[in-house]
Amino acid sequence: MKHTLAVLVDNKYGVLARVAGLFSRRGFNIDSLAVGITEDPTISRMTIVVRGDDHVLEQVTKQLNKLIDVIRVTDLGSDESVERELALIKVNADANNRAEIIQIVDIFRARIIDVASKSVTVEVTGDSNKIKAIQSLLKPFGIKEMARTGKVALTRGSKSS
Amino acid sequence: MTGKPERMTGARAFVECLYRENVEVIFGYPGGVLLPIYDELYDAHLHHLLVRHEQAAVHAAEGYARATGKVGVCLATSGPGATNLVTGIANAYMDSIPMVAFTGQVPSSMIGNDAFQEANITGITMPITKHNYLVQDANDLPRIIKEAFHIASTGRPGPVLIDMPKDITTTEIDFVYPDKVELRGYKPTYKGNAQQIKRAAAAIAKSKSPVIYAGGGVIGADASKELVAFAEKIKAPVTSTLTGIGGFPNDNDLYLGMLGMHGTKYANYAVQESDLLIAVGARFDDRVTGKLQSFAPNAKIIHIDIDPAEISKNITVDIPIVGDAKDILKSLLTYVTECDTKEWLAKIAIWKRDFPLFYVNRDDAIKPQYIIEQINEACPDAIIVTEVGQHQMWAAQYFKYKEPRTFITSGGLGTMGYGFPAAIGAKLGRPDKVVFDVSGDGSFQMNSQEMATIVQNDIPIIIALFNNGYLGMVRQWQALFFEHRYSHTTIENSVDFVKLAEAYGALGIRVNKPSEVRPAIEKAIEANRPVIIDFIVEREENVSPMVPAGAAINEILDLERTQ
């Protein structure tokens with residue numbers, strides 16, 4: 001089972017290493033990790049997708065809370081949060097199939113951000129399923145390269161995580 | 001403070017900060033990048049003990065912390081000095097002992113360049129410290145030191161490391177020592193949840209066969225008095241973990257001794273048949289539980305601990321109470337009444353009678369257990385520090401500890417070579433006490449160079465060396481589980497320990513016969529100077545009883561002498 005954790009940390013030297021080290025040391029698996037500063041420049045937000053049962057999740061949360069630089073850990077259930085990922089996909093494209101690719105891109109409300117004679121690069125944002133879907137539709141054309149961010153997430157409504 | 005803050009170097013500020021934290025003793029070893037700090041220490045009003053190996057500095061700081069309850073402090077130079085602290089830091093982390101370890105570091109501008117004596121000690125110690133710091137701005141040093149002492153000594157105690165690049169120590173700053181610590185990510189819970197305390201009291205009221213399982217947290221929280229009052233009020237027997245020994249007086253009728261792999265049979269039987277297990281400041285370590293699935297199978301479990309991450313880590317807990325053990329036991333006391341444990345205590349009394357700790361004493365060979373009993377009789381108020389191995393278990397089983405902080409041992413990490421330097425720290429912290437390092441000939445040789453330290457500084461420690469010419473605990477396992485194939489565990493005739501003592505200027509006494517044991521101990525106490533007593537003990541004595549690895553703790557065996 002996958003869980004998305006919002007982890008607010010002090011924006012300090014070594015904090016990413018502390019969090020990553022904790023996961024490897026205690027044998028927890030990270031599916032994805034995204035880090036960036038927040039509205040408060042002294043605080044960073046880590047969005048961590050972790051795989052495991054309730055016991056694992058409880059241990060992850062408690063162990064994270066033990067780190068001095070960790071300010072707060074929130075488990076973002078999928079119903080109560082908005083989640084996005086971004087992917088850049090460089091796909092083979094020539095005069096014959098470019099139109100077809102543009103059509104797929106439009107349907108997914110993605111964007112083409114670079115065009116070359118033999119390829120286009122697509123930017124797509126959405127939840128994991130949407131990215132998976134466009135990836136599989138573009139696959140037949142030949143995906144040359146792909147870069148994908150970790151998931152970022154916030155709670156819905158005015159409540160903060 | 002009045003007027004302008006005083007202008008001083010980082011090195012001077014370091015010493016000022018130690019004054020503010022009321023540090024009396026530090027254990028250290030100098031080196032290149034520490035020169036500015038050592039120059040300040042030259043006329044500081046601090047007792048700096050120069051050891052002979054940095055590993056001894058960190059163990060001594062821990063021994064000091066365990067004996068006094070204060071934060072232990074050690075200091076080592078960059079690179080190898082810092083890496084030599086690693087074992088001791090890991091040891092303090094495993095046993096939750098408050099410590100601040102300072103390391104020198106190459107100048108900030110050279111970090112990351114593989115400079116001479118550079119090691120990334122904050123990276124190396126990240127998983128074995130409660131927190132660590134690399135000081136990046138000299139102005140931060142006082143705040144960081146203040147935070148480090150706070151973090152080390154509050155909540156679940158533990159080691160904190162501060163890495164100080166050389167330029168930090170030479171930069172001038174305006175010295176201001178903060179009054180308060182503000183850490184938004186660190187707010188330990190001390191007060192137990194009132195609802196949970198009431199639930200626990202209700203469970204206790206219903207229990208017919210409760211057992212209190214007390215760990216090192218009882219000593220860390222200074223909760224021994226409360227534990228005694230609590231146990232006596234509800235009439236529940238108490239068993240200690242290795243690090244919990246001393247937290248409950250051995251001469252109390254409710255005491256069951258240690259539980260687990262080399263615990264007493266009656267402690268293990270009682271835990272297994274209990275209907276309620278009250279864990280206080282203990283963490284269900286594998287040496288305690290044996291086979292987890294069969295541990296205390298019929299018991300409801302109450303777990304009192306300062307660290308929420310310990311709750312249900314190894315075993316599912318029915319009633320967790322997170323907070324300070326002293327505080328929680330105090331408030332539990334107001335809710336609980338005497339349990340109806342007459343039958344239960346009668347059953348335990350029969351176990352105690354039928355399955356006592358025992359060994360077969362002999363006139364022609366010195367039994368290690370006999371030595372511990374003789375030390376106990378000669379000096380019941382001593383502080384017993386141990387190394388790791390068979391002698392450690394005998395010291396845990398046969399000495400009658402009456403007070404907390406009188407048994408100092410490496411529990412979680414099991415560090416050979418720990419005891420002697422830890423004894424040095426204990427003696428400096430408690431000069432009024434007679435301090436024994438109960439040792440094996442294997443462990444002692446891991447840090448025997450510290451003989452120079454105790455002789456030079458005239459620190460009277462008695463090393464009671466259980467000399468069997470083996471790495472005894474490993475030999476015991478080889479005897480039991482590897483058909484007596486003593487692979488690389490024979491170390492006989494490696495050194496003449498009496499001559500070794502004399503070479504350093506200490507007193508060496510050899511004891512070959514049981515009749516010489518007591519006089520030697522008395523002579524050593526009388527001498528009041530560094531002493532090694534080389535007890536030539538029964539070579540293949542086994543630690544008994546024993547729960548084989550992976551078995552349930554009531555599957556506990558008596559072990560005769562191997563042969």
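First the proteins, then the strands, lettered A, B, ... as listed; each starts at 1.
Lys130(A) pairs by the side-chain hydrogen bond (donor to acceptor under 3.5 Å, both in side chains) definition with nothing, not counting sequence neighbours. Applying the side chain to side chain contact (heavy atoms under 4.5 Å, CB included) rule to Met110(B) yields the partners Val106(B), Pro107(B), Ala115(B); only residues at least two apart in sequence or on another chain are considered.
For Leu67(A), the part sitting under 4.5 Å from any heavy atom of chain B is the backbone (N, CA, C, O) and nothing else. When heavy atoms are compared at a cutoff of 4.5 Å, Ile311(B) approaches chain A by way of both its backbone and its side chain.
Applying a 4.5 Å heavy-atom cutoff, none of the residues of residues 118-127 of chain A approach chain B.
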Just list the donor-acceptor pairs under 3.5 angstrom between chain A and chain B, please.
| unit_1 | atom_1 | unit_2 | atom_2 | d |
| --- | --- | --- | --- | --- |
| Asp10(A) | OD1 | Arg184(B) | NE | 2.7 |
| Asp10(A) | OD1 | Arg184(B) | NH2 | 2.7 |
| Tyr13(A) | OH | Thr122(B) | OG1 | 3.4 |
| Arg18(A) | NH1 | Asn132(B) | OD1 | 3.0 |
| Arg18(A) | NH2 | Asn132(B) | O | 2.9 |
| Arg18(A) | NH2 | Asn132(B) | OD1 | 3.0 |
| Arg25(A) | NH1 | Pro127(B) | O | 3.4 |
| Thr42(A) | O | Arg184(B) | NH2 | 3.1 |
| Thr42(A) | OG1 | Arg184(B) | NH1 | 3.3 |
| Thr42(A) | OG1 | Arg184(B) | NH2 | 2.9 |
| Gln59(A) | NE2 | Ala309(B) | O | 2.9 |
| Lys62(A) | NZ | Pro308(B) | O | 3.0 |
| Lys62(A) | NZ | Ile311(B) | O | 3.2 |
| Lys66(A) | NZ | Asp307(B) | OD2 | 2.6 |

